[in-house]
Amino acid sequence: MAAPAEGDGKDHSAAAGAAGSRNLAMSAFTGVAWNWGGSAVLAVAQIASTAATARLVAPDEFGLYAAAQAVSAFAGFFCMRAVGQELQRRSSLGPRTAGTAMTVSLLASTAIAGCLVLGAPLWAGAWGLPGAAAAIRIFAIAQFGQSAAAVPLALLRRRLEFGRAAVLETTAIVAGMGLGVALAVRFHSAAALAAGQAGGAILLFVATALSTGHDLRPSFDRDEVRGMTAFASQVSVLGLVSFLTLTLPSWFVARAFGATTLGFYSRARQMAELPADYAGTGIYRVIYPLYGRVRDSAARTRTLLSEAVTLTTGIVWPVFALIAGASPLLIAVVLGPRWHSAASLLSLFCLAVSAAVPTGLLTNCAEALGWMRVIAVRQAVLLTCTVAILGAALLADATVEGMLAGLAAAQWLTYGITLSPFVRSELVSRRVAGIEQGMHALIAAAAYGLAWLCTSLTGGFPSPVRLGCLAATAAAGLAILTIGRARFPAGRVLSRRLAQLAPAGRGRGQWRLRPSVR
């Protein structure tokens with residue numbers, strides 16, 4: 001998304017200097033392009049990896065893997081990863097700031113990895129899945145690598161070197177996926193999948209550390225440590241509450257239905273949440289550093305956030321509606337016939353993440369602006385709803401589908417509550433919150449209906465034919481939206497911002513930002 005245009009002729013040298021002689025709009029577009037390019041590569045690699053491992057590893061082993069992955073993610077909130085975000089929030093860094101952040105990160109990551117190794121049997125027993133202990137120990141290595149890489153990655157993004165950060169991160173993750181598949185061929189176990197992630201995480205740490213090594217001289221400044229740990233602890237506590245809220249359903253499924261059902265649940269969740277994460281983080285990683293450059297101007301912040309919400313809902317909602325409508329076909333093609341029970345779960349997960357992605361965008365902004373109360377209220381509401389839904393599911397002996405439908409409704413309620421203070425403060429206009437998102441919802445409903453109809457009518461044909469019909473349907477819908485983009489809110493925003501970027505005519509590769517056409 002683009003940062004607000006500068007059409008008043010004023011000299012904004014601070015922003016220009018921070019962007020490295022490029023305006024913020026160009027930095028935003030190129031940053032999102034790099035991140036989404038990496039996400040496209042990751043999506044293809046993930047589909048291939050998921051398709052391969054689903055045929056190499058049994059559902060019960062995937063259940064063990066899901067439990068180990070959840071425990072590792074829980075431990076990540078104690079690794080002080082948010083010190084990287086603190087570096088991005090600052091307008092300037094002292095000579096010892098980066099080195100101190102790296103020291104804090106390494107100490108915390110080492111300590112937490114050791115706790116995971118020693119406490120693996122206890123964690124596995126808490127899930128009722130003692131077989132997960134081996135995968136948890138391997139995830140300790142992945143935890144260390146991912147956490148230790150947080151500071152080098154933050155430094156790259158703080159300098160707006162989004163391309164380098166995206167290439168390094170994408171390469172490491174794809175390498176980890178490839179290693180996981182190779183090990184699964186030999187061992188057919190959850191531990192093999194965990195080992196792949198561990199290898200990718202260590203590669204990421206080494207590569208990013210080498211890229212920023214000159215900024216990571218070992219140091220320890222007490223004042224810096226106090227400031228970093230205060231912010232990181234606050235962010236980690238809020239993130240931990242959010243994680244526990246999202247993990248409770250998986251724990252409930254493991255305890256109530258067993259490892260096999262958890263395997264179906266986790267694979268469906270991954271198929272929905274991974275593309276959502278790729279799309280969302282591609283925006284969040286770019287827009288987070290930009291808030292610091294526009295926060296002094298309410299008008300620029302309003303434009304940045306409103307357009308981000310418009311583009312996010314206009315793109316994400318139709319895409320996930322399409323996935324939901326075609327879920328039986330996608331499950332059969334990607335996972336194989338023995339996973340057919342996951343199709344209904346995938347549809348419901350798509351409904352949930354369609355609310356979670358814009359909620360994450362607003363949470364990202366609230367954190368950058370210091371609106372921690374908004375985040376706390378959001379998490380309190382979602383946690384309360386989740387506990388109530390799981391309790392009702394237990395008492396009513398509900399199915400997994402019934403439980404997940406309730407959780408999806410809770411996500412949408414939370415989105416509305418999170419959006420409300422932004423509308424009241426006029427950082428998101430009422431038109432964006434009402435009319436424009438209503439139009440996006442109608443387009444998403446049409447996308448779901450077309451995908452469902454296409455999948456149902458081609459039920460007796462071979463999978464390649466069915467996929468071809470689905471792709472043709474999606475392409476036709478995209479063509480219609482492109483032609484009629486003037487009536488499509490996200491299309492109008494994207495067209496306007498792209499029209500503002502044009503060659504400056506003063507030399508190859510130089511660009512300028514035209515005045516706003518509004």
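For this chain, numbers begin at 1 and follow the sequence in order.
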Crowding at CH2, Trp371 (>12 non-hydrogen neighbours, <6.0 Å) = yes
ask   = Are the side chain of Ser306 and the backbone of Leu427 linked by a donor-acceptor contact shorter than 3.5 Å?
value = yes
Euclidean distance, Phe320 CZ relative to Glu273 CD, rounded to 0.5 Å = 9.5 Å
Thr208 side chain vs Phe205 backbone, donor-acceptor pair below 3.5 Å = yes
inquiry  = For Leu168 and Leu156: C-alpha separation, side-chain torsions, deciding distance, then whether side chain to side chain contact (heavy atoms under 4.5 Å, CB included) applies.
reply    = CA-CA 11 Å; Leu168 293 176; Leu156 290 175; 4.1 Å; yes
ask   = Shortest non-hydrogen contact from Ala132 to Leu64?
value = CB-O, 3.7 Å
message = Take a 6.0 Å sphere around CD of Glu426 and say whether it holds more than 12 heavy atoms from other residues, nucleotides or ligands.
response = no
task = Identify the heavy atoms of Val353 and Ala272 that sit nearest to each other, and give their distance.
result = CG2-O, 4.2 Å
message = If we ignore hydrogens and angles and just use 3.5 Å, is the side chain of Ser49 paired with the main-chain N or O of Ala45 as donor and acceptor?
response = no
inquiry  = Distance alone, cut at 3.5 Å: any donor-acceptor contact between the side chains of Ser327 and Ser347?
reply    = yes
ask   = How many angstroms lie between atom CG of Leu494 and atom CG of Leu311, to the nearest 0.5 angstrom?
value = 6.0 Å
Between Ser147 and Gln143, a side-chain donor and acceptor under 3.5 Å = yes
inquiry  = Using 30° and 60° as the class boundaries, would you call the ring planes of Tyr265 and Phe349 parallel, tilted or perpendicular?
reply    = perpendicular
message = Checking side-chain polar atoms at under 3.5 Å, does Thr310 have a donor or acceptor matched by the opposite partner on Glu436?
response = yes
request  = Give a yes or no on this: more than 12 heavy atoms of other residues, nucleotides or ligands lie within 6.0 Å of atom CZ of Arg430.
outcome  = no
query = Is a side-chain N or O of Ser266 found less than 3.5 angstrom from the main chain of Gly263, in a donor-acceptor match?
reply = yes
Spatial distance of atom OG1 (Thr384) from atom CD1 (Ile389) [nearest 0.5 Å] = 10.5 Å
key: Nearest heavy atoms of Pro249 and Leu246, plus distance in Å   = CD-O, 3.4 Å
query = Less than 4.5 Å apart, any side-chain heavy atom of Val465 and any of Thr458?
reply = no
inquiry  = To the nearest 0.5 Å, what is the distance between CG on Leu204 and CD on Gln146?
reply    = 8.0 Å
query = Would Cys385 and Thr414 count as a side chain to side chain contact (heavy atoms under 4.5 Å, CB included) if you check the C-alpha gap in whole Å, the side-chain angles of each, and the deciding distance to 0.1 Å?
reply = CA-CA 9 Å; Cys385 291; Thr414 304; 5.7 Å; no
Close side-chain approach of Phe264 to Val253, heavy-atom, < 4.5 Å = no
key: Side-chain heavy-atom pair Trp412, Leu351 within 4.5 angstrom cut-off   = yes
Note, Ile136 side chain near Leu116 side chain (heavy atom, < 4.5 Å) = yes
Between OG on residue Ser456 and CZ on residue Arg466, distance to nearest 0.5 Å = 8.0 Å
request  = Considering non-hydrogen atoms only, spot the tightest contact between Pro318 and Ala447 and give its length.
outcome  = O-CB, 3.7 Å
Side-chain heavy-atom pair Tyr415, Arg378 within 4.5 angstrom cut-off = no
query = Do you know the tightest heavy-atom contact between Trp317 and Pro358?
reply = NE1-CG, 4.1 Å
ask   = When you look at Glu401 and Ser344, which way does the side chain to side chain donor-acceptor pair (under 3.5 Å) test go after all the steps?
value = CA-CA 7 Å; Glu401 290 84 357; Ser344 58; 3.1 Å; yes
key: Shortest non-hydrogen contact between Ala192 and Ala184, atoms and distance   = CB-N, 3.7 Å
query = Would you call Leu361 and Cys365 a side-chain contact if the rule is heavy atoms closer than 4.5 Å?
reply = no
message = If you define the side chain from C-beta out and look only at heavy atoms, does anything of Gln197 sit under 4.5 Å from Ile138?
response = no
query = Say you draw a straight line from CG of Leu470 to CG of Leu453; how long is it, rounded to the nearest 0.5 Å?
reply = 11.5 Å
ask   = Do the side chains of Leu248 and Leu383 get nearer than 4.5 Å, heavy atoms only?
value = yes
key: Trace of the side chain to side chain contact (heavy atoms under 4.5 Å, CB included) decision for Gln411 with Leu407   = CA-CA 6 Å; Gln411 284 283 4; Leu407 294 176; 5.9 Å; no
message = Go through it in stages, so that I can follow the logic: the residues are Val309 and Leu362, the test is side chain to side chain contact (heavy atoms under 4.5 Å, CB included), and I'd like the CA-CA distance, side-chain angles, deciding distance and then a yes or no.
response = CA-CA 8 Å; Val309 171; Leu362 296 173; 4.1 Å; yes
